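Values in this document were obtained by computation on a predicted structure and should not be read as measured data. Numbering of ligands and ligand atoms starts at 1, following listing order.
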Amino acid sequence: MTTTTTSPTRSANTKVMNRFDLTSRLVAKLAHDEAVVGGIGNTNFDLWAAGHRAQNFYMLGSMGLAFPIALGVALAQPARRVFALEGDGSLLMQMGCLSTIAMLAPKNLTLIVMDNGIYQITGAQPTPAAATTDIVAVAQGCGLKSSSWAADEEDFDRLIQDALSATMPRLIAARIDDKPGAGTTPRDPVQIRERFMVGLGVRSMP
Ligand SMILES: Cc1ncc(C[n+]2csc(CCOP(=O)(O)OP(=O)(O)O)c2C)c(N)n1
């Protein structure tokens with residue numbers, strides 16, 4: 001006899017939200033010098049559109065590097081809170097970083113996944129997160145036990161507020177719509193890096 005199982009996917013109890021709105025909510029909660037790392041494409045476009053800050057880094061070109069870069073920042077500057085924004089497709093390409101982050105356990109790092117279930121920027125091909133892979137279950141399985149889906153915008157706000165005083169790294173996932181990014185980040189890698197290093201206080205103004 002064959003049995004069928006239903007995967008515990010993201011869509012069960014979560015509202016479909018909007019990436020720019022959630023990114024703006026995150027930025028509005030930042031009171032101090034928190035670092036924010038945006039991933040390739042839409043996450044960094046919306047981070048830029050939400051209002052540039054000197055402590056923002058905008059990844060260009062390579063999928064899945066927002067979380068590893070943010071891990072490096074969190075380890076190097078343990079007194080600073082660090083947030084990272086990534087698309088579901090990008091995280092799926094670099095999922096091993098979740099195990100590394102859980103093992104190293106920087107208490108100042110929060111990972112945010114904007115899950116639209118598609119590789120939107122390259123033509124909206126479906127990702128495995130759309131049907132079979134529950135990113136929060138993966139994060140918890142990797143050891144990021146406090147990870148959770150944001151049920152709606154108010155829940156997202158609450159999860160960000162909690163993250164600002166967290167003592168363990170965690171992942172927050174949000175189910176989002178397919179609206180394109182709200183802005184276009186200037187694509188100058190050297191400028192992005194230099195500006196970020198000045199913003200983190202590890203380099204003085206040229
Ligand atoms: C290693 C790598 N593979 C493929 C690409 C091409 N590519 C750029 S963005 C993207 C889709 C990103 O999807 P996701 O992270 O879910 O973000 P979304 O576009 O949905 O906001 C792809 C396939 C790339 N830039 N790098």
Side-chain angles (χ1 to χ4, degrees), residues 7 9-12 14-27 35-52 56-73 82-101 109-139 142 144 147-150 153 156 160 169-193:
S7 72
T9 52
R10 74 213 213 299
S11 43
T14 53
K15 181 179 170 189
V16 176
M17 296 176 273
N18 175 262
R19 185 180 43 242
F20 178 63
D21 176 52
L22 295 180
T23 306
S24 302
R25 284 169 179 268
L26 166 69
V27 171
V36 186
V37 178
I40 177 177
N42 288 317
T43 51
N44 88 56
F45 293 166
D46 280 348
L47 179 60
W48 175 266
H52 173 65
N56 288 358
F57 182 80
Y58 309 92
M59 186 58 207
L60 303 177
S62 297
M63 294 169 72
L65 291 187
F67 291 177
I69 290 168
L71 171 62
V73 175
V82 182
F83 291 86
L85 302 159
E86 193 66 286
D88 55 308
S90 294
L91 175 59
L92 286 161
M93 191 163 275
Q94 185 65 26
M95 214 135 73
C97 72
L98 298 179
S99 289
T100 306
I101 291 167
L109 177 59
T110 299
L111 313 169
I112 302 172
V113 180
M114 299 292 184
D115 181 1
N116 52 15
I118 51 177
Y119 301 98
Q120 182 177 0
I121 218 161
T122 49
Q125 304 85 356
T127 73
T132 50
T133 301
D134 183 323
I135 282 169
V136 169
V138 171
C142 288
L144 297 168
S147 301
S148 58
W149 286 100
E153 288 84 356
F156 181 83
I160 297 298
R170 77 260 328 266
L171 180 147
I172 300 167
R175 199 177 161 215
I176 58 157
D177 60 30
D178 62 356
K179 295 235 168 52
T184 308
T185 316
R187 298 177 66 87
D188 182 332
V190 174
Q191 187 196 41
I192 290 171
R193 184 196 63 199

**Message:** Quiz question: by atom type and distance under 3.5 Å, do the side chains of Trp149 and Asp115 form a donor-acceptor pair?
**Reply:** no
Mind listing the N or O contacts between ligand 1 and protein, cut-off under 3.5 Å?
| residue | atom | partner | partner atom | Å |
| --- | --- | --- | --- | --- |
| ligand 1 | 15 (O) | Ser90 | N | 2.9 |
| ligand 1 | 15 (O) | Ser90 | OG | 2.6 |
| ligand 1 | 16 (O) | Asp88 | OD1 | 3.3 |
| ligand 1 | 16 (O) | Gly89 | N | 2.8 |
| ligand 1 | 16 (O) | Ile118 | O | 3.1 |
| ligand 1 | 19 (O) | Gln120 | N | 3.2 |
| ligand 1 | 19 (O) | Ile121 | N | 2.9 |
| ligand 1 | 20 (O) | Asn116 | OD1 | 3.3 |
| ligand 1 | 20 (O) | Asn116 | ND2 | 2.9 |
| ligand 1 | 20 (O) | Ile118 | O | 2.8 |
| ligand 1 | 20 (O) | Gln120 | N | 2.9 |
| ligand 1 | 21 (O) | Asn42 | ND2 | 2.9 |
| ligand 1 | 25 (N) | Gly61 | O | 2.8 |

**Prompt:** side-chain contact (heavy atoms from CB on, under 4.5 Å) with Asp21: which residues, sequence neighbours excluded?
**Reply:** Asn18, Arg25, Glu153
Validation: residues 89-101 side-chain donor-acceptor distances under 3.5 Å, sequence neighbours left out:
none

**Message:** Within the structure provided, determine whether Leu144 and Arg170 are in side-chain contact (heavy-atom separation under 4.5 Å).
**Reply:** no
**Prompt:** Any donor and acceptor pair, going by atom type alone, linking the side chain of Asn116 with main-chain N or O of Ile176 inside 3.5 Å?
**Reply:** no
**Message:** Applying side-chain hydrogen bond (donor to acceptor under 3.5 Å, both in side chains) as the test, list every pair that has at least one member in residues 56-73; sequence neighbours left out.
**Reply:** His52-Tyr58, Arg53-Asn56, Asn56-Tyr58
